[in-house]
Amino acid sequence: MIFPDEALEVLRRLEEAGYEAWFVGGAVRDRVLGREAADVDITTSATPSEIETVFAGERTLDVGKSFGTIRVVMPQAVYEVTTYRAERNYIDGRHPETVEYSRHIEDDLKRRDFTMNAMAWHPERGLLDLYGGRQDLAAGLLRAVGVAAERMEEDGLRMLRAVRFASRFAMKLEPSLRKAIIDQHTQIERISVERCYEELERMLTEGHPDRAVDLLAETGLWEALFPELPAANVSRPLLCAVADDAASRWAAVGSGNRTLRTREVEENTSAEREAGAKERAKRMTEILHRFKASTKRSSDVRLLLEARAEALPQTLPEARKWQGEHPKDTRRILQFLAEISPVLYPEGAWRTKTLERITHTSALIDIIEESHLPISIKDLAIRGEDLLALGMKPGKRVGTMLLYLLDQVIEEKLENTTSRLCEAARRKLEEGENG
Ligand code: ATP
Ligand code: MG
């Protein structure tokens, strides 16, 4: 198994000080799978203050000290070093009531969630795999450490972690684990929405979101989490067709399924379709709000769900106004529409027309960007001060005037030069005085 030299050094320093230390968790699992692993977690017999003493020469962050975790800042990376723990007494099914440190790696592995996450590795001692994690990985089985029903009862979040891991690695839930989740799915209510949201977003963006939705639906978790949005209304192909950023995936969740959309397209008017899009956007943002997602995430999702190809700008002035309103988002919106259209609409005239509109708008945005065409007030060759110099009083009307001038420039009725803009402003002011 290959670990960075620096990670090996962290291990060696702990052991030279007389403690025991291992690589553990995801880093070991991903290496057994032959995958690239993001972060290296280290578990040790040293207590948090002993870890701090060993790394007195380095910067250490005791963010998780009460849980036994010290972050050691090394030149190339930050390592999470955690004291062996034996967790006891999960009274409310959410938080371990007490955290007990241990001097034995066996205790630490025992409290971990799944067999594949409960393996430890050491450069000399090799793989420590007390629960058959490697065999389960090879068989594609996600198995709880110990009695599945008890482990899910201790911490309900593990039900979502199970779905996340099983879908990411395309594994089957071991039957007793599957049964435990089905039996206990309503208990997910006891877990904080923030923790649930984090797991949900990860399963939507890591690999196989379609399998995640299937598993959530099969176990009853979907209905417990999203009572207002039946899993049958989530198009699995759509979910996989969109980019793997969180906003696109949530928007896909809220897009409805193909047969419903096709009927809507055939029978409804444009106004009805617009209302439909608004309704879907509203429902999805309400869900995200309930899960305390960031405002940025909600507004990104809303933008994607409200966008409709038939409403895309098709002339250069329209495209400039659109680009001016959403300078950072037009590309994402176009990409999203291009991704979903072939899934939502069956092959035929509607789909062809839709894709043509998207392509045309994209070409207009290309022109705007390549030629740096003015799209907002700050691109004008005139400032508010220039208008004050013309005799305007400070206030709202200055802004209104700038918007008027921008509109004239975008409509190509006016050249974007200071003299022309001043001239037009003066004319407008005189009109105002006379009319
Ligand atoms: P990823 O690559 O997705 O981060 P990971 O295995 O590193 O996977 P983490 O959530 O970072 O997952 O947790 C690190 C390790 O801590 C896990 O491998 C597991 O051993 C343990 N763990 C995390 N959460 C729980 C939990 N709720 N119950 C028991 N063990 C847990
Ligand atoms: Mg991790």
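In each ligand, atom 1 is the first atom listed, and ligand 1 is the first ligand listed. The shown structure was predicted, so the numbers you read here are calculated from the model rather than taken from an experiment.
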In terms of atom number and element, which parts of ligand 1 are under 4.0 angstrom from non-hydrogen atoms of [X]?
| X | answer |
| --- | --- |
| R29 | 1 (P), 2 (O), 5 (P), 6 (O), 8 (O) |
| R111 | 29 (C), 30 (N) |
| G25 | 18 (O) |
| R168 | 1 (P), 2 (O), 3 (O) |
| R158 | 26 (C), 27 (N), 28 (N), 29 (C) |

Parallel, tilted or perpendicular: rings of F226 and F291 (30°, 60°)
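The rings of F291 and F226 sit tilted, inter-plane angle from 30° to 60°.
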
Should the ring pair F114 and F165 be called parallel, tilted or perpendicular, given that the plane angle runs from 0 to 90° and is split at 30 and 60?
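Ring orientation, 0 to 90° scale: perpendicular.
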
Do Y101 and Y84 have ring centres separated by under 6.0 Å?
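No, ring centres 6.0 Å or more apart.
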
Per the salt bridge (charged side-chain N to carboxylate O under 4.0 Å, His left out) rule, what does the pair list look like for residues 10-29, sequence neighbours excluded?
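Listed by first then second residue: E9-R13, R12-E16, R13-E58, E15-R125.
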
Quick one: which residue pairs count as a salt bridge (charged side-chain N to carboxylate O under 4.0 Å, His left out) with a foot in residues 246-255, not counting sequence neighbours?
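For residues 246-255: none.
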
Looking at Y131, I'd like to know if the NZ or CZ of R143 sits under 6.0 Å from its six-membered ring centre while staying within 45 degrees of the ring's axis.
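The answer is no, since R143 fails at least one limit relative to Y131.
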
N/O to N/O below 3.5 Å, does that happen between D39 and ligand 1?
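Between D39 and ligand 1, no N or O pair is found under 3.5 Å apart.
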
Just distances here: any N/O of D41 and N/O of ligand 1 closer than 3.5 Å?
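Between D41 and ligand 1, no N or O pair is found under 3.5 Å apart.
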
Applying a strict 4.0 Å limit to heavy atoms, is F114 in contact with ligand 1?
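Checking ligand 1 against F114, which is what was asked, there is no heavy-atom contact under 4.0 Å.
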
Closer than 4.0 angstrom: is that true for some heavy atom of E154 and an atom of ligand 1?
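Contact check E154 vs ligand 1: negative.
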
Nearest candidate to atom 17 (C) of ligand 1, where distance is taken over non-hydrogen atoms, out of R195, R151, E199, R161
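That would be R161.
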
Selection from R35, R202, M203 by shortest heavy-atom distance to atom 4 (O) of ligand 1:
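Looking at heavy atoms only, the winner is R202.
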
Classify the contact between D155 and ligand 1 as side chain, backbone, both or neither, using a heavy-atom distance cut-off of under 4.0 Å.
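Side chain only; the backbone of D155 stays clear of ligand 1.
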
Looking at K353 and E356, is there a salt bridge between them, counting it only when a charged N and a carboxylate O are closer than 4.0 Å?
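Result for this pair is no, no salt bridge flagged.
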
Under 4.0 Å between a side-chain nitrogen and a carboxylate oxygen: does that hold for E50 and R103?
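Looking at E50 and R103, the cut-off is met.
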
